[in-house]
> 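Let me begin by handing over the structure; questions about it come next.
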Amino acid sequence: MKLIIAVVQRQDAGDLIEALTAAGHRVTRISSEGGFLREGNVTLLIAAEDYQVDPILKIVREHCYTRTRYVSPLPPVAESGEFYPPTPVEVQVGGATVFVLRAADVRRLTPSEPR
Ligand code: 2BA
């Protein structure tokens, strides 16, 4: 059994979740934020049998795209009033950052509703 943790871009998350659930996988969506860009992204938790991992990664690959972003680094400390306009730095974000972890056990505890 594996726990797949996939960090994906927000723009891709909706279609990806739809495709995963249509293929019969259970998915939890968590709103998250990247430490570098400080922008919202989406983290998905997917518990799956070992044989399901490759098909799941295929679906992730098919629905997540690489996008180019430009980040303006902080300007260097200016001496004697000189001004250095920061040059934007190109950053490639995504398709997806995926962690595949061994999961000892996955249980759905389903006690009935309290009376
Ligand atoms: P962010 O941390 O906001 O990073 C966005 C993009 O900025 C990264 O894209 C990468 O191209 C660049 N980047 C990040 N840290 C950098 C650094 N120290 N120096 C230079 N460039 C840097 P991705 O690699 O596709 O990552 C997309 C998002 O996936 C990340 O958003 C973060 O939320 C997550 N992520 C990526 N690697 C991770 C890791 N090793 N552990 C945990 N989360 C990770």
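One-based numbering, in listed order, for ligands and for the atoms of each. Computed over heavy atoms, backbone and side chain alike; hydrogens, waters and symmetry mates excluded. By convention here, the first residue in the shown sequence is residue 1.
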> Would you check, one step at a time, whether the test side chain to side chain contact (heavy atoms under 4.5 Å, CB included) holds for I30 with L45?
CA-CA 8 Å; I30 300 172; L45 303 182; 3.8 Å; yes
> List the closest protein heavy-atom neighbour of atom 4 (O) of ligand 1: residue, atom name, distance to the nearest 0.1 Å.
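Of every protein heavy atom, F36 CB, 3.5 Å lies nearest to atom 4 (O) of ligand 1.
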> So is G35 polar-close to ligand 1, meaning N/O to N/O under 3.5 Å?
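In this structure, G35 places an N or O atom under 3.5 Å from an N or O of ligand 1.
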> Begin with the C-alpha distance, continue with both residues' side-chain angles, and end with the deciding distance and a verdict on salt bridge (charged side-chain N to carboxylate O under 4.0 Å, His left out) for E39 and R10.
CA-CA 10 Å; E39 281 184 355; R10 266 193 192 158; over 6 Å; no
> Does V7 share a hydrophobic cluster with L16, counting links as ILVMFWY side-chain heavy atoms below 4.5 Å and allowing steps through other members?
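No, separate clusters.
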> Hey, quick one: are I46 and L3 part of the same hydrophobic cluster, counting side-chain heavy atoms closer than 4.5 Å, chains of contacts allowed?
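Different clusters: I46 never reaches L3 through Ile, Leu, Val, Met, Phe, Trp or Tyr contacts under 4.5 Å.
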> Take atom CD of E18 as the centre, draw a 6.0 Å sphere, and report whether it contains more than 12 heavy atoms from other residues, nucleotides or ligands.
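It does not: E18 CD has 12 such atoms or fewer within range.
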> Hey, does Q92 sit under 4.0 Å from ligand 1 if you only count heavy atoms?
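Within the 4.0 Å threshold, so yes.
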> Which residue supplies the protein heavy atom nearest to atom 44 (C) of ligand 1, what is that atom called, and how far is it?
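Closest protein heavy atom to atom 44 (C) of ligand 1: T97 CG2, 4.1 Å.
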> Starting from atom 33 (O) of ligand 1, find the nearest protein heavy-atom neighbour and note its residue, name and distance.
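Ranked first by proximity to atom 33 (O) of ligand 1 is N41 ND2, 3.0 Å.
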> Do the side chains of F36 and V93 join up, straight or via other hydrophobic residues, at under 4.5 Å, putting them in one cluster?
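Linked, F36 and V93 end up in one cluster.
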> Between ligand 1 and V91, is the shortest N or O to N or O distance under 3.5 Å?
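The answer is no, given that V91 and ligand 1 share no N or O pair closer than 3.5 Å.
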> Under the side chain to side chain contact (heavy atoms under 4.5 Å, CB included) criterion, do M1 and D105 qualify, and how do the steps go?
CA-CA 7 Å; M1 193 104 216; D105 199 2; over 6 Å; no
> Tell me, please, which residues at least two apart from R61 pass salt bridge (Lys or Arg N to Asp or Glu O under 4.0 Å).
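Result, salt bridge (Lys or Arg N to Asp or Glu O under 4.0 Å) vs R61: none returned.
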> Considering only the protein, which heavy-atom contact is closest to atom 42 (C) of ligand 1, and what is its distance?
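For atom 42 (C) of ligand 1, the nearest protein heavy atom is F99 CZ, 3.6 Å.
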> Of the protein's non-hydrogen atoms, which lies at the shortest distance from atom 23 (P) of ligand 1, and what is that distance?
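Sorting protein heavy atoms by distance from atom 23 (P) of ligand 1 puts G94 N, 4.0 Å first.
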> I want to know if ligand 1 touches L37 in the polar sense, i.e. an N/O pair below 3.5 angstrom.
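Between L37 and ligand 1 (N or O atoms, distance only) the closest approach is under 3.5 Å.
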> Which protein non-hydrogen atom lies closest to atom 34 (C) of ligand 1, naming both residue and atom, and how far is it?
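Checking every protein heavy atom, the shortest distance to atom 34 (C) of ligand 1 gives V7 CG1, 3.7 Å.
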> Around atom 31 (O) of ligand 1, find the nearest protein heavy atom and jot down its residue, atom name and distance.
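For this ligand atom, the closest protein heavy atom is G34 CA, 3.5 Å.
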